[in-house]
Amino acid sequence: MLESKLCQSVATAVNTLYGLQLSSKDISLQKTRKEFEGEFTIAVFPFVRASKKSPEATATEIGQYVKDNLTEVEDFNVIKGFLNFQIAKAYWLTFLNSHQNETDFGFVKAAESEVIMIEYSSPNTNKPLHLGHIRNNLLGWSVTQILKANGKNVVKVNLVNDRGIHICKSMLAWQKWGNGETPLTSGLKGDHLAGKYYVLFNKYYQAEIAELTAKGIEKEIAEKESSLMLAAQEMLRKWEAKDETIILLWETMNAWVYEGFEQTYRRMGIDFDKTYYESSTYLSGKSIVEKGVAEGKLIRKPDQSVWADLTSEGLDEKLLLRSDGTSVYMTQDLGTAFLRHEEYQAQQMIYVVGNEQNYHFDVLKLVLQKLGYNWADTIQHLSYGMVELPAGKMKSREGTVVDADDLMDEMEKTAYDKALELGKIDDFESEEARQLYAVIAMGALKYFILKVDPQKNMLFNPTESIDFNGHTGPFIQYTHARIKSLIKKASADISPISENIEIQSKEIDIIRLLHEYPSVIKIAGENRSPALIANFAFELAKEYNGFYQEITILKEENEVLRNFRLVLSVFTANILKSAMGLLGIDVPERM
RNA sequence: GGUCCCGUAGUUCAACGGAUAGAACGGAAGUUUCCUAAACUUUAAAUACAGGUUCGAUUCCUGUCGGGAUCACCA
């Protein structure tokens, strides 16, 4: 690799010139800023203590050494303490010739047998997916693609939270007020139907609490003694006792929900290799906990509830089984982790879960360690920030949740209106047009979400629809489509580049970006950050658009130059498509 | 209150401890007889505050102020 060669050579230079030992890691190589000559830059300030010379003199000596020893370096210049290298044209041309037609340029061939497991989505079956799930799904999916591009063997798993008190609330409400309504009779998607009853439960529950407090009962007590809540808890106990009626109702409603989820996933372009259901993992969790009690690692209190004492780790006691013997979230997660480890022996188990659960994952790992499972530290919480609305966090109780299906509908409608307005689909068949605006709508939505650093909270304003201009998915899609159109019109075959041509600086800028792609994939994998890929793709598209605007390609009369620019264009289109692919975004052939 | 995260142009996002802090949207001014104007060009505009470490700090450390998350027999 050119970059590591440069660092290595600088390290050798510093060693031979000044006797200072350093590894190539100690050298900060960066891209040369636009306003200076050259492609790569090194700051020599750290070496001046050893050289006992001015930064300028030090940089000049190192530059001369590297120029003499690396054929790739054609020349160098020094500005203050910064050493700028100019790379030989021949190097760039060879690079272009050898990779321009690779569709998997920058990808590492899968060679490793070790498994990385990644969990994402993890929906509850009592309500439909919302904007928060969208970020989760897109992140999980994209990180998977990026890890695969890094040669990893990745297994995508979903964990469906299909049991618990929240599901019972939907079930109870449907039982009481549903009149036998089904997705078929109501015309509602199954997940939306279940969600409707969850909302209904809360409505009546609040009403009951209001009624009780009006009678002078304290709110906290009212919440616990509400007949609806008691009935939901009773239902959960019956469920764990495998009561036939309850199980049947549960299976029926869950089946509706799964059908709805499946549609949403398909539309989002998301899938899984394996789906776990908490209903079949929580028992494993319970038995792990019981085993822990028997071994004296966990505490059973007089009321029969079970706790993990984490005070010596600086945390509190954590409940693992309720006094009535039913399990909690943590119990389920212990069981799921255990089963997964048994099944895959994964080297790493990545959980894509919001940062509101940071504490939960700290506890999960500590409890597993306490129980003696040394694979606890294979668990990594890929903690991502919340999607916030202008008014703050989404609250289902306040009805401010942005529904995933609704949002995708709106995006498509906007894409359609926009395409119509611009006259973009006038000569499209109706089916092709429909596909186009679906692709653009999803491109805009996915890019909007993925361009933000996963760890950071992000803001979504529902009243301003997501843009299609500027730093957006459609901008990159458009750049790709324009190149494709060029290539169609270039009737002659595109051949390897001969070496005697002038390269303009705008062209070098593009080549340098293309050259950087493999290391972007690597760093994005290490950081689990699709945002790095997204920002790279934008930079490349922007750079190409400037080139396209300013430099003639098809109408260039010099055949050799024309060919060179077409090669550059084809390569760029390939990388744009590849990078967007890592984000789960399609790029159209024309738009 | 304890713990954790975050404060960058009007707004939404960038910036392995490196040069004059980059983009996009919005604002102002332009570009189409020419490869797709969902594009391009020019322009105004920002590191919350106070210290410290460093040749060099938006980045690391401490404190202040502001915002968020979490600390459930919820998930």
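Just so it is clear: chains get the letters A, B, ... in the order the sequence lines come, proteins before strands, and each one is counted from 1.
Taking only side-chain atoms of A:Leu459, from C-beta outward, the nucleotide of B:A38, B:A75, B:C13 with the closest atom is B:C13. Listed candidates were B:U70, B:C73, B:C71. Nearest to the side chain of A:Asp316 is B:C71. In the set B:G68, B:A75, B:C71, the nucleotide with an atom closest to the side chain of A:Tyr359 is B:C71.
The phosphate of B:C73 (OP1 or OP2) has no side-chain N or O of A:Arg300 nearer than 4.0 angstrom. Side-chain nitrogen and oxygen atoms of A:Arg322 include none within less than 4.0 Å of the OP1 or OP2 phosphate oxygen of B:A72. Residue A:Lys506 has no polar side-chain atom (N or O) positioned under 4.0 Å from OP1 or OP2 of B:C40. The side chain of A:Asn461 contributes no N or O atom lying less than 4.0 Å from OP1 or OP2 of B:U12. Between A:Asn545 and B:C40 there is a side-chain N or O to OP1 or OP2 distance below 4.0 Å.
Taking the P atom of each, B:G7 and B:G17 are spaced 14 Å apart, rounded to whole Å. Remark: the separation of the P atoms in B:G1 and B:G63 is 15 Å, to the nearest Å. On the C1' atoms, B:A44 is 23 Å away from B:A48, given to the nearest whole Å. Remark: the separation of the P atoms in B:A29 and B:U62 is 49 Å, to the nearest Å. Between B:G27 and B:A15, the distance separating the two C1' atoms is 25 Å to the nearest Å. Comparing B:A14 with B:U8, their C1' atoms are spaced 10 Å from each other, to the whole Å. B:U58 and B:G22 have their P atoms separated by 13 Å, with the value rounded to a whole Å. Distance check on atom C1': B:C65 versus B:C49 gives 7 Å, rounded to whole Å.
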For nucleotides 18-22 of chain B, which of its nitrogen or oxygen atoms have a protein nitrogen or oxygen under 3.5 Å away, and what is each distance?
{"from": "B:G18", "atom 1": "O2'", "to": "A:Gln30", "atom 2": "NE2", "distance (Å)": "3.4"}
{"from": "B:A19", "atom 1": "OP2", "to": "A:Arg33", "atom 2": "NH2", "distance (Å)": "3.1"}
{"from": "B:A19", "atom 1": "N6", "to": "A:Thr41", "atom 2": "OG1", "distance (Å)": "2.9"}
{"from": "B:A19", "atom 1": "N6", "to": "A:Asn84", "atom 2": "OD1", "distance (Å)": "3.2"}
{"from": "B:U20", "atom 1": "OP1", "to": "A:Lys80", "atom 2": "NZ", "distance (Å)": "3.4"}

So which protein N/O to nucleotides 30-37 of chain B N/O distances come out below 3.5 Å?
{"from": "B:C34", "atom 1": "O3'", "to": "A:Lys555", "atom 2": "NZ", "distance (Å)": "3.3"}
{"from": "B:C34", "atom 1": "O2'", "to": "A:Lys555", "atom 2": "NZ", "distance (Å)": "3.2"}
{"from": "B:C35", "atom 1": "O3'", "to": "A:Lys489", "atom 2": "NZ", "distance (Å)": "3.2"}
{"from": "B:C35", "atom 1": "O2", "to": "A:Leu554", "atom 2": "N", "distance (Å)": "2.8"}
{"from": "B:C35", "atom 1": "N3", "to": "A:Ile553", "atom 2": "N", "distance (Å)": "3.2"}
{"from": "B:C35", "atom 1": "N4", "to": "A:Tyr548", "atom 2": "O", "distance (Å)": "2.3"}
{"from": "B:C35", "atom 1": "N4", "to": "A:Ile551", "atom 2": "O", "distance (Å)": "2.8"}
{"from": "B:U36", "atom 1": "OP1", "to": "A:Ser485", "atom 2": "OG", "distance (Å)": "3.3"}
{"from": "B:U36", "atom 1": "OP2", "to": "A:Lys489", "atom 2": "NZ", "distance (Å)": "2.3"}
{"from": "B:U36", "atom 1": "O2'", "to": "A:Tyr478", "atom 2": "OH", "distance (Å)": "2.1"}
{"from": "B:U36", "atom 1": "O2", "to": "A:Lys424", "atom 2": "NZ", "distance (Å)": "3.0"}
{"from": "B:U36", "atom 1": "O2", "to": "A:Met591", "atom 2": "O", "distance (Å)": "3.4"}
{"from": "B:U36", "atom 1": "N3", "to": "A:Met591", "atom 2": "O", "distance (Å)": "2.6"}
{"from": "B:U36", "atom 1": "O4", "to": "A:Met591", "atom 2": "N", "distance (Å)": "3.2"}
{"from": "B:A37", "atom 1": "OP2", "to": "A:Arg482", "atom 2": "NH1", "distance (Å)": "3.2"}

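Of all nucleotides present, only B:C71 satisfies the Watson-Crick or G-U wobble test against B:G1, with each distance under 3.5 Å. With a cut-off of 3.5 Å on both Watson-Crick or G-U wobble distances, the partner of B:U59 is given as none. Using N1 to N3 plus N6-O4 or O6-N4 for Watson-Crick, or N1-O2 and O6-N3 for G-U wobble, each under 3.5 Å, B:C65 pairs with B:G7. When Watson-Crick and G-U wobble pairs are counted only if both distances are under 3.5 Å, B:A45 pairs with no nucleotide at all. Across all strands shown, the partner of B:U12 is B:A23, judged by Watson-Crick or G-U wobble contacts whose two distances both fall under 3.5 Å. Pairing partner, B:U31: B:A39, with both Watson-Crick or wobble hydrogen-bond distances short of 3.5 Å.
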Between A:Tyr18 and A:Ile62, is a side chain to side chain contact (heavy atoms under 4.5 Å, CB included) present by the stated rule, with each step listed?
-> CA-CA 10 Å; A:Tyr18 313 125; A:Ile62 297 173; 4.2 Å; yes
Determine, stepwise, if the pair A:Thr472 / A:Asp467 fulfils side-chain hydrogen bond (donor to acceptor under 3.5 Å, both in side chains).
-> CA-CA 7 Å; A:Thr472 66; A:Asp467 263 313; over 6 Å; no
Test salt bridge (charged side-chain N to carboxylate O under 4.0 Å, His left out) on A:Glu543 and A:Arg512 and set out the steps.
-> CA-CA 11 Å; A:Glu543 206 66 69; A:Arg512 184 175 58 173; over 6 Å; no
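The CZ atom of A:Arg590 lies 14.5 Å from the NZ atom of A:Lys484; values are rounded to the nearest 0.5 Å.
Using the six-membered ring where Trp is involved, A:Tyr517 and A:Phe536 have ring planes that are parallel, under 30° apart on the 30 and 60° scheme.
Atom pair A:Tyr282:OH and B:A75:C1' shows a separation of 16 Å (rounding to whole Å applied). B:C4 atom P lies 16 Å from atom CD of A:Gln455, rounded to whole Å. Following rounding to the nearest Å, A:Asp417 (CG) and B:A38 (P) show an atom-to-atom distance of 16 Å. If you take NE2 of A:His381 and P of B:C5, they are 14 Å apart, rounded to a whole angstrom. The interatomic distance linking A:Phe428 (CZ) with B:A38 (P) rounds to 12 Å, in whole Å. At whole-Å resolution of the value, CD in A:Gln477 and C1' in B:A39 are 15 Å apart. Between the P atom of B:C5 and the CD atom of A:Glu388 lies a distance of 17 Å, rounded to the nearest Å. Remark: C1' of B:C73 and CD1 of A:Ile221 are 17 Å apart, rounded to the nearest angstrom.
Residue A:Lys522 places its NZ atom among 12 or fewer non-hydrogen atoms of other residues, nucleotides or ligands, all under 6.0 Å distant. At most 12 non-hydrogen atoms from other residues, nucleotides or ligands lie less than 6.0 angstrom from NZ of A:Lys219. Within 6.0 Å of CD on A:Glu220 lie no more than 12 heavy atoms contributed by other residues, nucleotides or ligands. In this structure, A:Lys488 places its NZ atom where more than 12 heavy-atom neighbours from other residues, nucleotides or ligands lie under 6.0 Å away. Surrounding NZ of A:Lys577 are at most 12 heavy atoms belonging to other residues, nucleotides or ligands under 6.0 Å away.
Of the residues in residues 515-543 of chain A, those placing a heavy atom less than 4.0 Å from an atom of RNA chain B are A:Phe538, A:Lys542, in numerical order.
For the residue pair A:Asn254 and A:Thr125, a side-chain donor N or O sits within less than 3.5 Å of a side-chain acceptor on the partner. In the model, A:Gln455 has no side-chain atom that pairs as donor or acceptor with a side-chain atom of A:Asn355 under 3.5 Å.
We find that A:Glu240 and A:Lys286 are joined by a salt bridge, their nearest charged nitrogen and carboxylate oxygen being less than 4.0 Å apart.
Geometrically, A:Arg135 does not engage A:Tyr384 in a cation-pi contact defined by less than 6.0 Å to the ring centre and at most 45° from the axis.
Comparing A:Asn355 and A:His471 by the nucleotide of RNA chain B whose heavy atom lies nearest to each, the residue mapping closer to the 5' end is A:His471. The residue among A:Glu356 and A:Pro454 whose nearest nucleotide of RNA chain B lies closer to the 5′ end is A:Pro454.
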